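A quick write-up on the structure given underneath.
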Amino acid sequence: MNDLLFKLIELSSRGYCCSQILLLLGLENLDRENPDLVRAMAGPCMGRCGGVCGVLPGAACLLSLYCAKGQDHETAHEGMPFMLEELDDWFAEYTAEHHGGMQCEQIAGDTSAGPDMGKCSDIIMAAYAKVMEIMDIHGIDPAGEDHA
């Protein structure tokens, strides 16, 4: 079992959902904790954003953690709109090919009992890898060495 899958299972078993897991991975890369952010990331879980799988808004927020303006003295990365568009396009293609669509119910089925990591872990890992790839292409260090 690879380290990322093990980490996903661990975080899921501790009660975190897909979008929270993505941000927890990013915060771990940055060697930071932010319980308020993690708590807020429960919002998109299980398709609560118009039915779209929570991995997409989670991945967009993960990318934004590194690239968006967060304080008055910061500026957003100039490539951020393009990076988010690339992520959106990739997600639409990936979910159409592997799951038949972007809706949470198409990917995970009935989520009334909570997220099913057996069904969701592949898309979380793929989205995390895609965000890391996009950041690498744009010269953004996941450890945050070049982050404001």
Side-chain angles (χ1 to χ4, degrees), residues 2-96 98-99 101-108 111 114-117 119-148:
N2 74 38
D3 291 341
L4 181 56
L5 181 56
F6 180 75
K7 187 71 176 177
L8 295 179
I9 291 169
E10 175 193 346
L11 291 170
S12 176
S13 71
R14 290 174 24 207
Y16 296 105
C17 71
C18 56
S19 50
Q20 290 176 305
I21 289 170
L22 285 165
L23 266 291
L24 283 164
L25 293 171
L27 288 167
E28 184 177 289
N29 288 341
L30 295 167
D31 196 29
R32 297 183 190 165
E33 292 183 5
N34 189 330
D36 292 331
L37 174 61
V38 174
R39 197 174 297 113
M41 289 309 302
C45 290
M46 296 180 292
R48 290 188 189 112
C49 291
V52 172
C53 171
V55 172
L56 178 58
C61 289
L62 174 59
L63 189 56
S64 298
L65 177 66
Y66 290 93
C67 302
K69 178 181 178 75
Q71 297 179 1
D72 288 348
H73 69 278
E74 295 177 344
T75 56
H77 188 285
E78 69 274 359
M80 187 173 164
F82 304 107
M83 290 185 271
L84 289 169
E85 184 176 339
E86 182 179 348
L87 178 65
D88 287 345
D89 292 345
W90 169 84
F91 192 83
E93 290 173 23
Y94 182 89
T95 55
H98 296 279
H99 300 283
M102 294 175 40
Q103 300 298 305
C104 187
E105 66 183 27
Q106 292 170 305
I107 297 165
T111 58
D116 179 347
M117 285 308 289
K119 295 178 180 176
C120 301
S121 60
D122 74 308
I123 195 167
I124 296 170
M125 289 191 306
Y128 181 77
K130 187 62 179 180
V131 169
M132 294 299 117
E133 175 188 313
I134 290 169
M135 290 186 352
D136 183 55
I137 290 168
H138 291 271
I140 299 165
D141 180 5
E145 298 302 321
D146 56 356
H147 183 68

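All figures in this text were calculated on a predicted structure; none of them were measured in a lab.
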- Task: Verify, without hydrogens or angle tests, whether K69 (side chain) and Q71 (backbone) share a donor-acceptor contact under 3.5 angstrom.
- Result: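 Yes.
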- Under the 3.5 angstrom rule, does the side chain of Q20 hit a backbone N or O of Y16 as a donor-acceptor pair?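 Side chain of Q20 to backbone of Y16: no pair is present.
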How close do [X] and [Y] get, heavy atom to heavy atom, and via which atoms?
X    : Y    : answer
P142 : N29  : O-CB, 3.1 Å
Q103 : V52  : OE1-N, 3.7 Å
P44  : S19  : CG-OG, 3.7 Å
A59  : A127 : CB-CB, 4.2 Å
C17  : M41  : SG-O, 4.3 Å
L62  : G26  : CD1-CA, 3.5 Å

Atom [atom1] in [X], atom [atom2] in [Y]: separation rounded to 0.5 Å?
X    : Y    : atom1 : atom2 : value
R32  : L37  : CZ    : CG    : 10.5 Å
I124 : I21  : CD1   : CD1   : 4.5 Å
L22  : C61  : CG    : SG    : 9.5 Å
E78  : H138 : CD    : NE2   : 9.5 Å
M132 : L63  : CE    : CG    : 8.5 Å
L23  : N34  : CG    : CG    : 8.5 Å

- Is the CD atom of E133 crowded by more than 12 outside heavy atoms at less than 6.0 Å?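 Yes, the 6.0 Å shell around CD holds more than 12 heavy atoms from other groups.
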Show me the donor-acceptor pairs within less than 3.5 Å that the side chains of residues 82-96 make with the rest of the protein, sequence neighbours left out.
| from | atom 1 | to | atom 2 | distance (Å) |
| --- | --- | --- | --- | --- |
| Y94 | OH | D122 | OD2 | 3.4 |
| T95 | OG1 | F91 | O | 2.7 |
| T95 | OG1 | A92 | O | 3.4 |

- Query: Quick one: which of I140, I134, V131, D141 gives a side chain to side chain contact (heavy atoms under 4.5 Å, CB included) with Y66?
  - Reply: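 Of I140, I134, V131, D141, side chain to side chain contact (heavy atoms under 4.5 Å, CB included) with Y66 is met by I140 alone.
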Is any side-chain heavy atom of [X] closer than 4.5 Å to a side-chain heavy atom of [Y]?
X    : Y    : answer
S121 : I9   : no
L25  : L8   : yes
H98  : I123 : no

- Set of salt bridge (Lys or Arg N to Asp or Glu O under 4.0 Å) partners for D31, sequence neighbours left out: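 Per chain and number, D31 pairs via salt bridge (Lys or Arg N to Asp or Glu O under 4.0 Å) with no residue.
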